[in-house]
Amino acid sequence: IMSGSNAYRLRCSLPAHEMDVRGLAAAAYPDGAFVSVSRDRTARVWVPNPSENQVFTEMHCMNGHSNFVSCVCIIAPNETYPRGLIATGGHDNNICVFSLDRPDPLFTLKGHKNTVCTLSAGKFGTILSGSWDTTAKVWLGEKCMMTLQGHTAAVWAVVILPEQGLMLSGSADKTIKLWKAGRCENTYTGHEDCVRGLAVINEVEFLSCSNDASIRRWMVTGECVQVYYAHTNYIYSLAVFPNGQDFISTGEDRTLRVWRKGECSQTIRLPAQSVWCCCILPDGDIAVGASDGVIRVFTESEERVASAQDLQVFEDELSKRTEVCLDITILRVMYEGKEYDFVFSIDVNEGGPGLKLPYNVTDDPWLTAHNFLQKNELSPMFLDQVANFVIENTKGHTLGPAPATSTDPFTGAGRYIPGSGSGDQGFAADPFTGAGRYIPESGGSTGTVSSGGADPFTGGSAYSSSSLPKATTNIFFPSTDGVMFEQANSTQILGKLRELNNTAPADRKLSDAALDCLEKLLHVVTDLKSQEQPTAEQMSVLWRTSHWPEDIVFPVLDILRLAVRHPEVNAQLCGGTEGASLCNHLLGLMSPESRPANQMLVLRILCNCFSGSHGRALLLGHRDTVLSRAGDLRVVSNKNIHVALATLVLNYAGRLYGQPTEIEAKAQCLSVASTALEVVHDKEAVFRLLVALGTTVAGDSTAKDLARSLGVNSQISKYARVSDPAKVGECCRLVLDELK
């Protein structure tokens, strides 16, 4: 608890490591303990020494990295590990996970391609890591669940927010990104240099610090509500006190700063150049680690303050490092958000970063010098020197205030951002061509599931459990047969094909023979009684014609949708090198700029590819790209696209059922389904996404933990009350039961 009245004073100095101390974290066990990591490749656990009130003793040393260790986090205790676990990240690109009873790692997480420089632990055992390889990764158990891609430079800071499923990353690209269920939901801009640290204040606010020497306070919704200035150089780390109001920061200006009620209330100078890291201990004391390999603990408590002798040693170390050398740089500048006539840079240490002294011609130079020395905790004996320096360098200057800028440099308010308006994408009467009346699959049915009993997808057969408050047996998931789009109206499709062929560019027109080929193929693949097999020539014409111009290709895509269900076509078009070509061609037609008709038909083609073994193998091989491109189509306001997207996720989930090793693939299904549920309103699409979620977590405890940590429960709970159609509410309640 912060009393707010006492100043922090040294409790102890621990010569802890042979090289820089790069990370600190308060441990879950034993009481009052903390963990440090260093460039000397070790991690160490420090416990309070009961016999000497102010000192800590090393209890445990861990080795597992083959290079510098740069970050650490504590994984909260669970049933398996009642004392919690320690995760460390290093320059060997690995994350090592340790228990408190052995020096070597329990397991090592490999996957980053460069230094792992930041770690954060979440609920249910998830770990979030950030790396110089520009990505952040989410881990659960010994597996990588998802990779967060979007930053263009090293990810220096990550943190998991209290609201489930929300994560933050800060990068050398100067931005901070908010991730929800693995997708970037927001990008915060404002820092003028690398973002180095992040800290959670509460569910809706967080802090960031940067190489630009500022600390910013943000709302999760995106507004920067405050900028704090005091540091004079890079700021490396932040920690928030339990009261959620006050915090501490450390940096390259050799200081630890304590912030109370939004002001820098205390500056503690340290006898080391880089103060890399800090953490707040359970008793309210502060531990900091620095480039001299020493951990220093500071306390507000009188009984824990170091002996007079130790305090003197600390003061002596400091004075050795401090000599004032007045070196001038005159700038007409903004400093801490205000305009000044001058900002002098006062060099306090040889080669160290300069301290900024802002000055207006109208100010009293002696008062300015006095405030400067006090703010930076420098000896008052420098007063004359600093004041005379200011007088000497401002002689004869009269400077007026600078013209105000048109925008607010801190929030960017006042800027016009085009395209920020909202708007739905509407569709004309015929959403496809505005001509003819052939609309691919405008019938009521939206794909069927082959199952003997009730059919929850089409509502076919006698199925009414709507009178029951809860389905007694789960007829919804796992759904592993695959759902296909079967409906065909051959006459209309062929009519449209011939009509559009007449308008096709001369070099793309089909001969009558080619048209006959397609007609024959369509007959073969839709007539279940047909004994004929599709010919190589028919498939070749189909493939060629599927490259027609985008505005006329849709009837061909509809034929392709029906054809890939046929075992022969599935094997020919989805197997081998042809498969890769087909996949790339379809991905192209599915791009966000494409026509909605083509996007929808491609999603349906992909769903139908699951009907054959070659198609299934092809789509599992390209899952990452296919699902992420399909997931992007959730923003198109078109229910047919939403139903097809939901069906595709469901078909993937069905193939992954019963395969616990496929956790990264399941993670993507969870991510795509849960982000789609944010925007999809059509009840059939919602139902299929719920079935996909249920199928993904069924019988897989790791997938359930991941779904919980992504906040799937809270996201879908609103559907539990849907009674029309009853299957939505029932399926939702069953998924929620799985995640209890």
Side-chain angles (χ1 to χ4, degrees), residues 164-165 180-183 185 424-425 427 441 443-449 451 454-460 463-466 468-471 474-479 482-485 596 599-600 603-604 606-607 627 630-654 666 668-698 707 710-739:
Q164 286 176 16
K180 180 160 193 182
R183 281 174 181 269
E185 293 276 313
D424 271 10
Q425 192 172 348
F427 290 93
E441 250 198 65
S445 150
T446 42
T448 55
V449 189
S451 74
D455 180 349
F457 292 95
T458 61
Y463 155 57
S464 72
S465 56
S466 54
L468 300 173
K470 188 170 167 188
N474 183 350
I475 59 167
F476 302 112
F477 60 84
S479 163
V483 179
M484 307 304 149
F485 289 88
Q599 293 170 333
M600 176 201 68
L603 287 168
R604 290 180 174 181
L606 292 168
C607 290
L627 267 181
D632 292 341
L633 296 181
R634 71 190 185 284
V635 297
V636 184
S637 315
N638 176 321
K639 71 171 201 175
N640 287 332
I641 285 179
H642 288 168
V643 170
L645 165 60
T647 311
L648 182 63
V649 182
L650 172 57
N651 285 355
Y652 269 110
K666 290 187 175 195
Q668 193 183 15
C669 288
L670 288 174
S671 170
V672 174
S674 78
T675 41
L677 280 166
E678 305 261 305
V679 291
V680 168
H681 300 299
D682 178 75
K683 290 293 194 292
E684 182 59 34
V686 167
F687 170 66
R688 293 184 184 200
L689 288 166
L690 290 170
V691 176
L693 285 172
T695 303
T696 306
V697 300
L710 292 176
V712 169
N713 324 40
S714 53
Q715 195 188 19
I716 64 171
S717 56
K718 62 182 175 191
Y719 296 114
R721 296 181 294 282
V722 174
S723 56
D724 178 25
K727 65 183 184 180
V728 172
E730 285 176 23
C731 184
C732 178
R733 292 193 293 273
L734 286 161
V735 177
L736 289 170
D737 286 347
E738 287 281 327
L739 296 178

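These numbers come from a predicted model, not from an experiment.
H642 and V636 make their closest contact through NE2-O, 2.9 Å (heavy atoms, listed as atom of the first residue, atom of the second, distance). Annotation for L677 and Y719: closest pair O-OH, 3.6 Å, computed over non-hydrogen atoms. When all heavy atoms of L690 and C732 are compared, the pair lying nearest together is CD1-CB, 3.9 Å. Looking at every heavy atom in both residues, T695 comes nearest to S479 through OG1-N, 3.1 Å. Scanning all heavy atoms of the two residues, the minimum distance from C669 to V649 falls at O-CG1, 3.9 Å. When every heavy atom of V728 is checked against every heavy atom of K683, the shortest pair comes out as CG2-O, 3.8 Å.
Among L648, N651, L627, the single residue meeting the side chain to side chain contact (heavy atoms under 4.5 Å, CB included) criterion with L606 is L648.
With rounding to the nearest 0.5 angstrom, the CZ atom of R634 is 4.5 Å from the OG1 atom of T675. L689 CG to L645 CG: the interatomic distance, rounded to the nearest 0.5 Å, is 6.5 Å. Here the OG atom belonging to S723 is positioned 10.5 Å from the CD atom belonging to E730, to the nearest 0.5 angstrom.
For R183, the salt bridge (Lys or Arg N to Asp or Glu O under 4.0 Å) test picks out D632, with sequence neighbours left out. With sequence neighbours left out, E678 forms a salt bridge (Lys or Arg N to Asp or Glu O under 4.0 Å) with K180. Q599 pairs by the side chain to side chain donor-acceptor pair (under 3.5 Å) definition with nothing, not counting sequence neighbours. With sequence neighbours excluded, the residues satisfying side chain to side chain contact (heavy atoms under 4.5 Å, CB included) with N713 are R708, L736, L739. Here A644 pairs with F485, L603, R604 under the side chain to side chain contact (heavy atoms under 4.5 Å, CB included) rule; sequence neighbours left out.
Applying the salt bridge (charged side-chain N to carboxylate O under 4.0 Å, His left out) rule to pairs touching residues 710-724 yields nothing, sequence neighbours excluded.
A donor-acceptor pair under 3.5 Å is formed between the side chain of Q715 and the backbone N or O of S674.
Contact check for F477 versus V735: side-chain heavy atoms found under the 4.5 Å cut-off.
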